[in-house]
Amino acid sequence: MLKSIFKYAILPYTVTMLYFMFVGMERSQYEHNIVRIVPVFSTLKFIREANYVSEALFIVFANLVMFIPYGFLGWILPKCRNLKYLIFNFISVITILEALQYFSRMGVFDIDDIIINTFGVYIGFHICILLEVKLKRFVYKNPNTSY
């Protein structure tokens, strides 16, 4: 049951994510294209220079958590059950999206976003495996139950 819910929820979730990446949160087009390619330090600078550190930390944490569901893609795309395949393809896609933000000036090409988003997928992948192990044990104990 969880897999079928995921199957139908991931597309609208992805559309919503794309909306937030390019349009949402009162985004407007930057005057100049912006690139942040120094890992970690640009995020630390962002947090340090923020008006409210808690808001900046929330944004960084949200960048991680919002990509956790993509770690479950193996449920609908069997090749994504391989972590290397999933991560390689995710990095390819998120890099293209970051580049689109850069070229459209509707966001910033930020290497830290790629790293944090990918770490979210990595965490999601391991949550998925853990969930499957726990559910298999539960189903094994209760053979009449399906998930």
Side-chain angles (χ1 to χ4, degrees), residues 1-136 138-139 146-147:
M1 186 169 116
L2 284 176
K3 291 178 183 182
S4 61
I5 292 170
F6 178 80
K7 180 180 177 179
Y8 293 108
I10 195 65
L11 181 61
Y13 184 79
T14 300
V15 170
T16 303
M17 291 291 291
L18 290 170
Y19 170 80
F20 283 118
M21 285 182 78
F22 291 96
V23 181
M25 301 184 304
E26 301 177 15
R27 274 191 200 269
S28 59
Q29 197 169 37
Y30 288 107
E31 198 170 305
H32 304 287
N33 297 45
I34 302 171
V35 175
R36 295 186 188 132
I37 57 172
V38 179
V40 181
F41 293 107
S42 61
T43 297
L44 292 175
K45 183 179 177 185
F46 169 71
I47 293 168
R48 196 173 44 246
E49 292 178 355
N51 291 333
Y52 300 100
V53 172
S54 60
E55 283 183 20
L57 288 172
F58 175 78
I59 291 169
V60 171
F61 184 70
N63 259 334
L64 175 89
V65 171
M66 291 187 318
F67 286 87
I68 287 175
Y70 295 105
F72 289 75
L73 283 173
W75 281 358
I76 57 173
L77 302 171
K79 286 185 177 182
C80 290
R81 294 192 63 77
N82 177 307
L83 181 60
K84 288 180 184 178
Y85 180 88
L86 174 65
I87 295 296
F88 175 80
N89 284 288
F90 179 79
I91 289 173
S92 300
V93 170
I94 199 68
T95 301
I96 290 167
L97 292 172
E98 289 287 325
L100 287 172
Q101 283 186 319
Y102 170 81
F103 289 117
S104 69
R105 295 194 323 250
M106 294 304 288
V108 175
F109 184 96
D110 191 345
I111 193 72
D112 284 350
D113 283 350
I114 296 170
I115 293 167
I116 293 168
N117 299 162
T118 303
F119 190 58
V121 172
Y122 178 81
I123 290 170
F125 181 85
H126 288 288
I127 291 172
C128 178
I129 290 171
L130 184 66
L131 189 61
E132 286 178 344
V133 167
K134 295 290 183 184
L135 288 174
K136 281 181 184 176
F138 178 76
V139 171
S146 65
Y147 63 95

For residues 29-42, the salt bridge (charged side-chain N to carboxylate O under 4.0 Å, His left out) pairs (sequence neighbours left out) are Arg36-Asp110
Output for pair (Thr118 OG1, Leu64 CG), nearest 0.5 Å, gives 10.5 Å
Discussion item. Could you check whether atom CZ of Phe109 has more than 12 heavy atoms from other residues, nucleotides or ligands sitting under 6.0 Å from it?
Written reply: yes
Here the ring-ring contact (aromatic ring centres under 6.0 Å, His included) pairs for residues 14-53, sequence neighbours left out, are none
side-chain hydrogen bond (donor to acceptor under 3.5 Å, both in side chains) filter on Thr43, not counting sequence neighbours, yields Asp112
message: Please determine whether the number of non-hydrogen atoms from other residues, nucleotides or ligands lying under 6.0 Å from atom CZ of Phe6 exceeds 12.
response: yes
Contacts of Tyr102 meeting side-chain hydrogen bond (donor to acceptor under 3.5 Å, both in side chains) (sequence neighbours excluded), chain-then-number -> none
Residues at least two apart in sequence or cross-chain that pass side chain to side chain contact (heavy atoms under 4.5 Å, CB included) with Phe125, listed by chain then number, are Leu83, Leu86, Ile129
By ring pair (Phe, Tyr, Trp, His ring centres under 6.0 Å), Phe72 pairs with (sequence neighbours left out) Trp75
Sorted by chain and residue number, the side chain to side chain contact (heavy atoms under 4.5 Å, CB included) partners of Gln29 (sequence neighbours excluded) come out as Arg105, Met106
For residues 55-67, the side-chain hydrogen bond (donor to acceptor under 3.5 Å, both in side chains) pairs (sequence neighbours left out) are Asn63-Asp113
Across all chains, not counting sequence neighbours, the side-chain hydrogen bond (donor to acceptor under 3.5 Å, both in side chains) partners of Arg81 are Glu132
Residues pairing under side-chain hydrogen bond (donor to acceptor under 3.5 Å, both in side chains) where one sits in residues 83-97, two or more places apart or in two chains, turn out to be none
- With a 4.5 Å limit on heavy-atom distance, are the side chains of Tyr13 and Ile10 in contact? yes
**Q.** Over 12 foreign heavy atoms within 6.0 Å of CG, Leu130
**A.** yes
Hits for side-chain hydrogen bond (donor to acceptor under 3.5 Å, both in side chains) against Thr14, two or more places apart or cross-chain, chain-then-number order -> Tyr70
Margin query: Are there over 12 heavy-atom neighbours, none belonging to Phe88, within less than 6.0 Å of that residue's CZ?
Written below: no
Residue set satisfying side chain to side chain contact (heavy atoms under 4.5 Å, CB included) with Leu57, at least two apart, ordered chain then number -> Ile47, Val53
* Asked: Taking the side chain as C-beta and beyond, is there a heavy-atom pair between Met21 and Ile94 under 4.5 Å?
  -> yes
